[in-house]
Amino acid sequence: MSFLREISPMVRSIHLPGQEVLMSRAARIRTELRQGIKKDFMELIDLSSSDIHSRGIKPISFLRQVMAACCYPSLLHSDRIPADARERARSLLTDSNGGSIGSYPPTGGMAKVRRSVSDFITRRDGGVPSIPEHIFLTTGSQQALTIFLKLLVSGEGPLRTGVLVPVPSYSTFSMALANQGGVMVPYYLCEEQGWALEMEELQRALQAARGHCNPMALYVINPGNPSGLVQSRKSIEEVIRFAAQERLFLLVDEVYQETIHGEDTEFVSYKRVLFEMGSPYSSTVELASFHSVSKGTFGEYGMRGGYVELVNLDPKVMEHALTFFNRDGSGTVMGQIALDILADPPQLGDPSYPLYSQEVQSIKNTLLSNVRRVHSVLNGVPGMSCQPIRGGLYAFVQLHLPQRVIEQAKEAGVEPDMMYCQRLLNEAGLCVVPGCECGQREGSYHIRFCIGVQEEIMEEVLQRLKSFHSHFMREFS
Amino acid sequence: MTENGYHHERVLTVDTMNPRVKEVQYAVRGPIVLRAVQIEKELKEGVKKPFTEVIKANIGDCHAMGQRPVTFLRQVLALCTYPELLEDNKFPEDAKSRARRILQSCSGGSIGAYSASQGIEVVRQDVARYIERRDGGIPCNPDNIYLSSGASDAIVTMLKLLVSGEGPTRTGVMITIPQYPLYSATLAELGAVQINCYLNEEKCWSLDVNELHRALEAARKHCTPRALCIINPGNPTGQVQSRECIEDVIRFAAEENLFLMADEVYQDNVYAEGSKFHSFKKVLFEMGPEYSEKVELASFHSTSKCFMGECGFRAGYVEVINLDPEVKAQLTKLVSVRLCPPVPGQALLDVVVNPPQPDEPSHATFMEERTTILTRLANKAKMTQEILNQVPGIQCNPVQGAMYTFPRLNLSQRAIQEAKEKGQEPDMFYCMKLLEETGICLVPGSGFGQREGTYHFRMTILPPPEKLKIVLAKVKEFHQRFTERYS
């Protein structure tokens, strides 16, 4: 037996999502289907992650053309790649050390990309200035978040750093926090108010935390994951005032900012609101804002590209943060290329503009259509309710489960919504995530599924879900 | 206090932040590089200097120094990135078949989709077969392969797994000095005890088991040594350990119940006659079941070095051997926290372990490019050690492998004194002056660890031959000037 069984308690404490059980079952079902075993469904539909490429939504052509030309510069002379894509590749290669995307990018990221991102942020925020030197490109938002957790988390016992985390949330962040040994302080979003962030609840969570940990940071996800909430300017101002008053470092996860559904919802960044609130807030509230190429219409998870923008960070702390950025690198060059295009897409008049805007709009239309169908179908199903999905890639649907379900689940030693998901997988071939994996108020049950899928498949999913739900509810009534 | 009644002091300051962070240093991109970048800016702005460009010989980045990417690798990557190119007859069939196979193993046929945290299964299988071929047929289970974002990601993950305990039970990790500062930075961040084992500079940086014993005994008094890290071929030292030495290390690890971490990222970079790369795993298995069934080993590799030099793709892997199943479960859990390694990097790694075969169209070009790159490196290694050894006051061990030279500098008392007054390590003082006067950026030996009272710098052998000659000439001139100035 290995001495390594004394393994670090922090590693041991990371709870792997119960989702793993569902995923293995899903894999077995796929195998059985391939072997010709008959089931009540023809194929398994997996909506557990927000990975739109895995469901057949195509990558954006311009992005892939630029990347291909950067990979293999002979393509700079190929007419298979449109002129503007070639031009962009050329400028990115010029910015690469030795003219190759195989070289290490500098700490913080390629200069050209940092500038593009900075300009993007300034434009997005209606002119609020952004400095490239305060923007760090990384291997996705999770890596950047992890660096901040490394800086923030320390202390023993009641002095251990606490981070306020929304409920519902997503497991990767909680695992990263546990991994760093930080204390999670949950604050519950208000489902009845469309998953709104309420100040009384933030206050309650903070009071409850004090005494058993040292709350230092407030983690917000806007647009919400999985809640779909897009915060109003007023709500953001309230949160900023709260953070200022209670001395909390704001970790703002804005990776879904490109994924807003419909014209009546507007995303406004925390940074913009902070700046427009003026002194003293704008010059004192410490804020780290995260973005990534994994979401939105790009869906380029595998490229691992993201950035963090820092506002009002202590310059001495910055020196130390730099060491982590130095050691861990600024991520892949491919990820940075994707960021460059996210920040600086083809414009009207560019040869690639028509195709680019058509591809992006098509994905946006699909998402909007899916959101509407989800509301329309599921809000009409007895025992189900769904808050408005204003942004993000998930539907987080409440299940109003009968008492018998809860009892049976208890006997089986599983959460009621996990039991629901297991049955849904086995009987309807749908793989979704139970609300217990995301966090939810005690006594409430949910399922989470991704809406980033082709419209026909969304329709199929909703019909299967509706049908399964009716049977299930009848069985347990 | 302001009128709103809240405080101006920041939440996150050097006093409130995680204190371990203060101990984390990473010399390779540290203060000297910051100054080098500043100087580059000044040059751009037209500030006059005794040189026209900054030469960054601080970092093991082949492409940055003008090495061309290997054609076949980039062709497959381009095809994977933009599959419409599969219709383009300018791409060879063998590149296309590999791209198709990789795309089939990706969700939705896209390298933008998530992969499993442990890495794409097909790629892990290919890596396992590569390892089997490399190690003369010793079996490799793909399940023991974890793909990662460069070797660094896997190294940090394994160290995380190894560190636990408090006070006297706190994990101690043995590392051969001089070392690549990723290790010291990570051990500092994790609060592990770093146990220094000095390589023997007089004997070509070889590792002496007696030194391992000495370090271990001393360490047991205040921590619990659990692991031993070896970098072979060595960074920064460039030594390639003999087979005998590797057997000694394995025996030592077995006797003392230590986990072996073998950083083998430079495994193709072997230049000196008589030097050969022996994989720890191969040696372990050839030592028989007494060792091969007992010693726990993690071996790391990456696409950033060797002949590929593809640092920007962040691809690598760790193979774990004889890991306790429960520990392995924890490792699998730990990697899932950081989601998946970059997929283009996984694709790149797949091509590296699946190069064109003799009967395939791209074979000849691929082999020619690979051989040229490795031969050039070997020539540059030889030239570097020859020229530096001609300089009075510089002693340079043979650069048997890897990508660096780590020569020893004789510095006078006066120089050491002035450095102290400036609050700098003497070799940092030296390297800063070198940078300001010649534009050459090296990393001081103090960033890697060295015996007390000795001074070194690490320089890469990567600039193109003509430039390298100029760099070496300038270093030689500078050293002579410096020696005279501080005599």
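Naming convention: chains lettered A, B, ... in sequence-line order (proteins, then strands); numbering from 1 in each chain. Just so it is clear, the model here is predicted, and its values are computed rather than measured.
Side-chain atoms of A:S103 and B:H63 include no donor-acceptor pair closer than 3.5 Å. In summary, the side chains of B:S107 and A:R55 do not present any donor paired with an acceptor at a separation below 3.5 Å, with no hydrogens or angles considered. Side chains of A:S100 and B:R74: a donor-acceptor N/O pair is present below 3.5 angstrom, by distance only.
Here the side chain of B:N18 pairs no donor or acceptor atom with the backbone of A:L151 at under 3.5 angstrom.
When each of B:V14, B:D88, B:V24 is checked for heavy-atom pairs under 4.5 Å with chain A, B:D88 comes out on top. The candidate with the highest count of non-hydrogen atom pairs below 4.5 Å against chain A, out of B:C340, B:P341, B:G66, is B:C340. Options B:L77, B:L182, B:L339 differ in how many heavy-atom pairs under 4.5 Å they form with chain A, and the most are formed by B:L339.
In this structure, B:R314 forms no cation-pi arrangement with A:Y104, as its terminal cationic atom is not both closer than 6.0 Å to the ring centre and no more than 45° off the ring axis.
The shortest distance between side-chain heavy atoms of B:Y26 and A:F324 does not fall below 4.5 Å. By the 4.5 Å heavy-atom criterion applied to side chains, A:I81 and B:Y82 are counted as neighbours. Counting only heavy atoms from C-beta outward, the side chains of B:P344 and A:M303 approach each other to under 4.5 Å. Between B:Q25 and A:R327 the shortest side-chain heavy-atom distance does not fall below 4.5 Å.
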Would you check, one step at a time, whether the test salt bridge (Lys or Arg N to Asp or Glu O under 4.0 Å) holds for B:E189 with A:K150? CA-CA 8 Å; B:E189 181 205 325; A:K150 283 187 217 241; 2.8 Å; yes

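B:T303 does not touch chain A: none of its heavy atoms, backbone or side chain, sits under 4.5 Å away.
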